[in-house]
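Input: a single structure, listed below in structure tokens.
Residue numbers begin at 1 in each chain, while the letters A, B, ... track the order of the sequences.
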Number of protein chains: 2
Amino acid sequence: MSAEERRESVIRAAMSEFSRGGYYGTSTEAIAKRVGVSQPYLFRLFPGKKAIFLAAAERCLEDSVRTFEKASEGLHGEAALHAMADAYTKVIAEEPERLLMQMQMYVAVAAAEQAGDHELGEAVRAGWMRLWDTVHLPLGADIDQTTDFMAYGMLINCLVAMGFAPRHRVWEGLYPAARSKGRLEH
Amino acid sequence: MSAEERRESVIRAAMSEFSRGGYYGTSTEAIAKRVGVSQPYLFRLFPGKKAIFLAAAERCLEDSVRTFEKASEGLHGEAALHAMADAYTKVIAEEPERLLMQMQMYVAVAAAEQAGDHELGEAVRAGWMRLWDTVHLPLGADIDQTTDFMAYGMLINCLVAMGFAPRHRVWEGLYPAARSKGRLEH
DNA sequence: CCCTGAAGTTAGTACTCAATCACTAACCAA
DNA sequence: TTGGTTAGTGATTGAGTACTAACTTCAGGG
């Protein structure tokens, strides 16, 4: 397998592992095992653990951007809103890891910034802005609606992280995500 | 100093430290240093690191409950909403650590649950429900409004964690928190 | 004046983890 | 065959970490 292909699979494995344990709670050995490669070899593909996390974070944001781009393609206003909400609902049910990775990303940024390392922070903020704009345009560039959409998304992320069962009453006020979630998740 | 008083200061120190590095990124030595006590002594005050984190998480939620209880005292409906939003704004400006600790709590729950440890998860979910109800009642038991309030809160937590500057346009759609934040944070 | 119990420390253990180094095996062009 | 590149491994190192055990210090009471 070429180095580039390996790097690709490392990023995917890293997203999985980091989503569980976060930056500090994930060992490079765990990532290597998931890739099926020796641990030292990771350091030939990436300069260090931080670089792996950064790549995983950027990919995570990129995935979300693409999800909403695809969902809202050719749609506007309320139709786009529903399409994007449905798409997110699918992510909740099928790839909850992605939501957790988002959360891990956010807290990792806070830690890095306080340690004087702004590289991750700048990348994540740039990615988030791209995500924000990706949602903003199909919603008719309505700031309030965009903010609402993102806010619901963040609430959902937190509820998923906390492990609230899909039928729990905290989901009640979330529409349409909650109802769809009730359907999709077992 | 009595053991009980020490435990109290350990919890406060732990909230600070865990809010930065999360569970895995925070050493018991860092907590001990902040308390001004030797590291092994922590294990006489608490059975282990996990217990310290649990205590810090519970205290964090308790603090938020108290914040909203105090803010909404004697108020209902829109008045209560504004009072609670203002109170949260104050927390954003003066105690951003508390918001970060919340985030750290959420991701720690996800990690613990997947590792088969449900103790933290149950405590956090119970605490969150108390928080939810604390907000729910003054808002006239309106589920949608409560969900909105919590969603905005979670979005704010994430933006703060990512380190978006107070004047950044992502804050624009947040009302009244954003405007107040612009005023309060330098 | 000694005894007890509680607060707190020093020294140490067993372990994990990121990163480095020296090496091998396969392939490929001249 | 030779010389070079690329994918990959095993052994190791040095720093850090949660937790334990044994010791110290000291206030208060009989």
Shorter than 3.5 Å, N or O on both sides, protein versus nucleotides 8-12 of chain D: list them out with atom names.
from, atom 1, to, atom 2, distance (Å)
dG8(D), OP1, Arg6(A), NE, 3.3
dG8(D), OP1, Arg6(A), NH2, 2.9
dG8(D), OP2, Arg6(A), NE, 3.2
dG8(D), OP2, Tyr41(A), OH, 3.2
dG8(D), O6, Arg44(A), NH1, 2.6
dG8(D), O6, Arg44(A), NH2, 3.4
dT9(D), OP2, Ser38(A), N, 2.8
dT9(D), OP2, Ser38(A), OG, 2.7

| query | How are the rings of Tyr23(A) and Phe18(A) set relative to one another: parallel (under 30°), tilted (30 to 60°) or perpendicular (over 60°)? | reply | parallel
Send over the distance from [X] [atom1] to [N] [atom2], rounded to a whole Å.
X        : N       : atom1 : atom2 : value
Tyr24(B) : dC15(C) : OH    : P     : 19 Å
Arg7(A)  : dT6(D)  : CZ    : P     : 12 Å
Lys33(B) : dG16(D) : NZ    : C1'   : 12 Å
Glu5(B)  : dA6(C)  : CD    : P     : 16 Å
Tyr23(B) : dT17(D) : OH    : C1'   : 11 Å
Glu29(A) : dA19(C) : CD    : C1'   : 13 Å

| request: From the options dC19(D), dA18(C), dT17(D), select the nucleotide whose nearest atom is closest to the side chain of Phe43(B). | output: dC19(D)
| request: Please tell me which of Glu4(B) and Gly25(A) maps to the more 5' nucleotide of DNA chain C, matching each residue to the nucleotide holding its nearest heavy atom. | output: Glu4(B)
| message | Donor-acceptor check, side chain of Trp171(A) to backbone of Ala165(A), threshold 3.5 angstrom: yes or no? | response | yes
| Below 4.0 Å: OP1/OP2 of dC17(C) and any side-chain N or O of Thr28(A) | no
| said: Test of understanding: clusters of I, L, V, M, F, W, Y form through side-chain heavy atoms closer than 4.5 Å, transitively. Do Tyr106(B) and Leu100(B) belong to the same one? | reply: no
Which atom pairs, one a donor and one an acceptor, fall under 3.5 Å between side chains of residues 67-79 of chain B and the rest of the protein, sequence neighbours left out?
from, atom 1, to, atom 2, distance (Å)
Thr67(B), OG1, Asp63(B), O, 2.9
Thr67(B), OG1, Arg98(B), NH2, 2.8
Ser72(B), OG, Phe68(B), O, 2.9

| query | What distance do Cys60(B) atom SG and Gln104(B) atom CD have between them, rounded to the nearest 0.5 Å? | reply | 10.5 Å
| query | Between Glu97(B) and Arg20(B), does at least one N-O distance fall below 4.0 Å, as a salt bridge requires? | reply | yes
